[in-house]
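All chains are named by letter (A, B, ...) in the order of the sequence lines, taking the proteins before the strands, and each is independently numbered beginning at 1. None of the values given here were measured: they were computed from a predicted structure.
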Protein chains: 2
Amino acid sequence: MSVYTPAEVVEETGFSIDTLRYYEKIGLLERVDRNAAGQRRFSQEDIGWLGMVRCLRDTGMPIATMLRFAELVRAGDHTIPDRIKLLEEHDRQVQAQIANLAERQSYIHHKISYYRSLL
Amino acid sequence: MSVYTPAEVVEETGFSIDTLRYYEKIGLLERVDRNAAGQRRFSQEDIGWLGMVRCLRDTGMPIATMLRFAELVRAGDHTIPDRIKLLEEHDRQVQAQIANLAERQSYIHHKISYYRSLL
DNA sequence: GCTTGACATGGAGTGCGCTCCAGGTCTCAG
DNA sequence: CTGAGACCTGGAGCGCACTCCATGTCAAGC
């Protein structure tokens, strides 16, 4: 079972060390193990969870919602239906974001075409 | 040439009155005409520009960049090539956002499938 | 004539998500 | 033995994009 130093997790996940400590402080990341000197040693599971966090964060989920999801995960397997519901709801929002961006993008394309027609 | 009261512009554009005043204050919206009593009377052009602002804002363009675009528009027709460049660059960023969302979405789909497999 | 409500202004406050800082500990290369 | 550097903590600060507030003016309906 491999462990990771803070520097390695920064490298691996793209989160800054400050962000990692912040996530731990607010409970988005469960209390990370420490070595004898009190330094963080992240587990493989931590890395996996951070992958999920990155996905949710980068698709615009607010921290408060990620926190609810984290609590469901910690509460055990009986929350799996709730987790599915939460992710499905988020999925719909992501879908809406994509649709919205695509629509706005066509406006931008029209504007560019219009500008080009003036040259 | 029609004019619009603040309430009408709120209705039309979806921006709050506070946001409209904020945009005017920072120069994202050019000084809006006033009636004798000092109340804003928006022009058709203002409405059109606000449509553009909404598009750019909703596709994630920072205010500082919208401000640069606004300055190009005000500077006259010789800036059209620059406007095209700016919009094209933004278009690429929108494209990247869409691609990124789609990729993250497939991760979410996998996670949902995985959870379903546990039921 | 009076009330109501839409609007004005300048400036302070808010919420989110970090990000930075001061001051301290521990480890390791030279 | 020393100095550098990775890490620790609690707490303050920041950037963005608004949002709210106190106070005041004007216009229209009853």
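One interatomic measurement links the two molecules: CZ of B:Phe15 to C1' of D:dC18, which rounds to 12 Å at whole-angstrom precision. The distance from atom CZ of A:Arg57 to atom P of C:dC16 is 16 Å, rounded to the nearest whole Å. Taking atom CG of B:Asp18 as the reference point, atom P of C:dT14 lies 15 Å away to the nearest angstrom. Between the P atom of D:dC7 and the CG atom of A:Asn35 lies a distance of 10 Å, rounded to the nearest Å. Rounded to an integer number of Å, the gap from B:Tyr4 OH to C:dC7 P is 15 Å. Atom C1' of nucleotide C:dT27 and atom CD of A:Gln39 are separated by 8 Å, given to the nearest angstrom. Atom pair A:Arg41:CZ and C:dT27:C1' shows a separation of 11 Å (rounding to whole Å applied).
Counting non-hydrogen atoms of other residues, nucleotides and ligands closer than 6.0 Å to CG of A:Asp77 gives a total of 12 or fewer. Enclosure of atom CD in B:Glu8 by more than 12 non-hydrogen atoms of other residues, nucleotides or ligands within 6.0 angstrom is indicated.
Partner A:Tyr4 forms a side chain to side chain donor-acceptor pair (under 3.5 Å) with one of A:Arg40, A:Glu12, A:Gln44, A:Glu11 and no other, that one being A:Gln44.
Residues of residues 19-34 of chain B having a heavy atom closer than 4.0 Å to DNA chain C, listed by number: B:Arg21, B:Lys25, B:Arg34. Contacts between residues 59-69 of chain A and DNA chain C, counted as heavy-atom distances below 4.0 Å, involve A:Pro62, A:Ile63.
Across A:Leu50 and A:Leu20, no two heavy atoms sit closer than the pair CD1-CD2, 3.7 Å.
Between A:Trp49 and A:Phe69, the ring planes are parallel. Angles under 30° get that label, and only those over 60° would be called perpendicular.
Using a 4.0 Å heavy-atom distance criterion, B:Ala36 is classed as making no nucleic acid contact.
Between B:Leu101 and A:Leu101, some side-chain heavy-atom pair lies under the 4.5 Å cut-off.
Among pairs with a residue in residues 50-69 of chain B, those fulfilling side chain to side chain donor-acceptor pair (under 3.5 Å) read A:Arg104-B:Asp58, B:Arg54-B:Asp58, B:Thr59-B:His90, at least two apart in sequence or across chains.
In the model, A:Gln93 has a side-chain atom that pairs as donor or acceptor with a side-chain atom of A:Glu89 under 3.5 Å.
If you check C:dA8, D:dC7, C:dC7 against the side chain of B:Arg40, the one that comes closest is C:dA8.
Between A:Arg116 and B:Glu88 there is a salt bridge, since at least one side-chain N of the basic residue sits less than 4.0 Å from a carboxylate O of the acidic one.
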